[in-house]
Novice: 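Below are the structure tokens for one structure; questions will follow.
The analysis underlying the following values was restricted to heavy atoms, covering all of them including side chains, and did not include hydrogens, waters or symmetry mates.
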Amino acid sequence: MLPQHVRVFLEEKLRSALRRAPRELDMAWGFVVHARRHQPVPTLGVVTLGGESLQLTGRLLAHLDGEVLWLYGRTPSTLSAMPLDLAPVPGPASDAPLESVTMHVGSVLPEGAEPEAVPATLLEAQVSADALTDALVFLLPGRPAGWPR
């Protein structure tokens, strides 16, 4: 369970990112990825715009498949449960908490630029619960199916 003061802080961080997001992106929903270190094995957690605090699972990530997530409302990115350098394994998404995810990051959206005009220069990184020092804020135009409010 995430302490209430931490959850409230992360919710405010998310709301702040939504207020600052470029209007042309039309962002209306988002979530924050953070480390949950109070467990025997550190895992990743999420806090949604509606104040839900839960563990990040393969099933939740499966609902983001193909969605462009805007990191802090400025940088297009995607998240995947697939480890670096491995092909995806077919099968049902798991409800087990994830210790890490793969993030692909594109070019930062320049001030006033249209989202379609940004070249797709990608960086691939592993986001690991035991190494994550600051929460990551992701924005979307709407709530994906299968995610809590």
Side-chain angles (χ1 to χ4, degrees), residues 1-84 92-116 118 120-149:
M1 185 74 170
L2 191 64
Q4 182 176 354
H5 71 281
V6 174
R7 183 185 50 78
V8 169
F9 172 76
L10 293 176
E11 281 179 70
E12 185 50 41
K13 192 172 189 170
L14 177 55
R15 284 187 178 88
S16 177
L18 279 167
R19 284 190 301 271
R20 290 188 322 267
R23 285 189 188 181
E24 54 272 6
L25 292 180
D26 197 27
M27 296 291 114
W29 192 83
F31 62 94
V32 179
V33 174
H34 63 92
R36 296 169 65 113
R37 292 191 178 90
H38 60 277
Q39 302 171 7
V41 175
T43 60
L44 295 171
V46 295
V47 172
T48 68
L49 188 57
E52 294 283 341
S53 173
L54 55 152
Q55 295 180 355
L56 184 59
T57 65
R59 186 172 314 277
L60 283 175
L61 280 184
H63 292 290
L64 296 175
D65 191 34
E67 292 277 346
V68 175
L69 312 172
W70 288 87
L71 183 62
Y72 298 103
R74 290 273 177 208
T75 309
S77 59
T78 61
L79 292 176
S80 168
M82 177 179 56
L84 291 171
S94 169
D95 283 328
L98 296 172
E99 296 174 40
S100 65
V101 294
T102 301
M103 180 170 64
H104 291 95
V105 182
S107 298
V108 174
L109 183 66
E111 192 71 37
E114 292 296 322
E116 299 81 28
V118 177
T121 305
L122 292 179
L123 166 72
E124 183 176 72
Q126 194 74 26
V127 177
S128 176
D130 59 357
L132 187 61
T133 58
D134 195 13
L136 301 172
V137 177
F138 294 96
L139 305 181
L140 296 98
R143 183 179 59 84
W147 275 69
R149 61 175 198 90

Novice: Less than 4.5 Å apart, any side-chain heavy atom of Pro76 and any of Trp70?
Specialist: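 They are in contact (side-chain heavy atoms under 4.5 Å apart), so the answer is yes.
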
Novice: For the residue pair Leu64 and Pro144, what are the closest heavy atoms and their distance?
Specialist: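 Distance-wise, the nearest heavy atoms are CD2-CG, 3.5 Å.
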
Novice: Of Thr102, Leu98, Leu56, Val101, which meets side chain to side chain contact (heavy atoms under 4.5 Å, CB included) against Val127?
Specialist: Val101

Novice: Sequence neighbours excluded and cut-off under 3.5 Å, please list the side-chain donor-acceptor pairs for residues 131-142, or say none.
Specialist:
from   : atom 1 : to    : atom 2 : distance (Å)
Asp134 : OD1    : Lys13 : NZ     : 2.9

Novice: Between Arg149 and Leu49, does a side chain to side chain contact (heavy atoms under 4.5 Å, CB included) hold up when you go through it step by step?
Specialist: CA-CA 7 Å; Arg149 61 175 198 90; Leu49 188 57; over 6 Å; no

Novice: Quick one: closest heavy-atom pair of Arg59 and His63, and the distance?
Specialist: O-CD2, 3.1 Å

Novice: Glu52 and Pro148: which non-hydrogen atoms are nearest, and at how many Å?
Specialist: CG-CB, 3.6 Å

Novice: Is there a side chain to side chain contact (heavy atoms under 4.5 Å, CB included) between Leu60 and Phe31? Walk through the geometry before answering.
Specialist: CA-CA 12 Å; Leu60 283 175; Phe31 62 94; over 6 Å; no

Novice: Nearest heavy-atom pair of Pro22 and Gly73: which atoms, and what distance?
Specialist: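 In terms of heavy atoms, the two residues are closest at CD-O, 3.0 Å.
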
Novice: If you measure from CD on Glu124 to OG1 on Thr78, what distance do you get to the nearest 0.5 Å?
Specialist: 9.0 Å

Novice: Which residues pass the side chain to side chain donor-acceptor pair (under 3.5 Å) test with Arg37, sequence neighbours left out?
Specialist: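 Once residues adjacent in sequence are excluded, Arg37 has no partner under the side chain to side chain donor-acceptor pair (under 3.5 Å) criterion.
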
Novice: Closer than 3.5 angstrom, by distance alone: can the side chain of Ser53 be matched with the main-chain N or O of Val47 as a donor-acceptor pair?
Specialist: no

Novice: Side chain to side chain contact (heavy atoms under 4.5 Å, CB included) with Asp130: which residues, sequence neighbours excluded?
Specialist: Pro42, Ser128

Novice: Within this structure, what is the CG-CE distance for the pair Leu71 and Met103, rounded to the nearest 0.5 Å?
Specialist: 5.5 Å

Novice: Report the residues that fulfil salt bridge (charged side-chain N to carboxylate O under 4.0 Å, His left out) with Arg19, sequence neighbours left out, ordered by chain and then residue number.
Specialist: Glu12

Novice: Hey, could you give me the CG/CG distance between Leu14 and Leu18, rounded to the nearest 0.5 Å?
Specialist: 5.0 Å

Novice: If you take all heavy atoms of Asp95 and Thr57, which pair is closest and at what distance?
Specialist: O-CG2, 3.2 Å

Novice: Can you sort out the partners of Thr43 under side chain to side chain donor-acceptor pair (under 3.5 Å), two or more places apart, ordered by chain and number?
Specialist: Gln39

Novice: I'd like to check the salt bridge (charged side-chain N to carboxylate O under 4.0 Å, His left out) partners of Arg7; sequence neighbours left out, ordered by chain and number.
Specialist: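 Expected list: Glu11.
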
Novice: Working to the nearest 0.5 angstrom, can you tell me the gap between Leu54 CG and Trp147 CH2?
Specialist: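 So the gap between those two atoms works out to 7.0 Å.
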
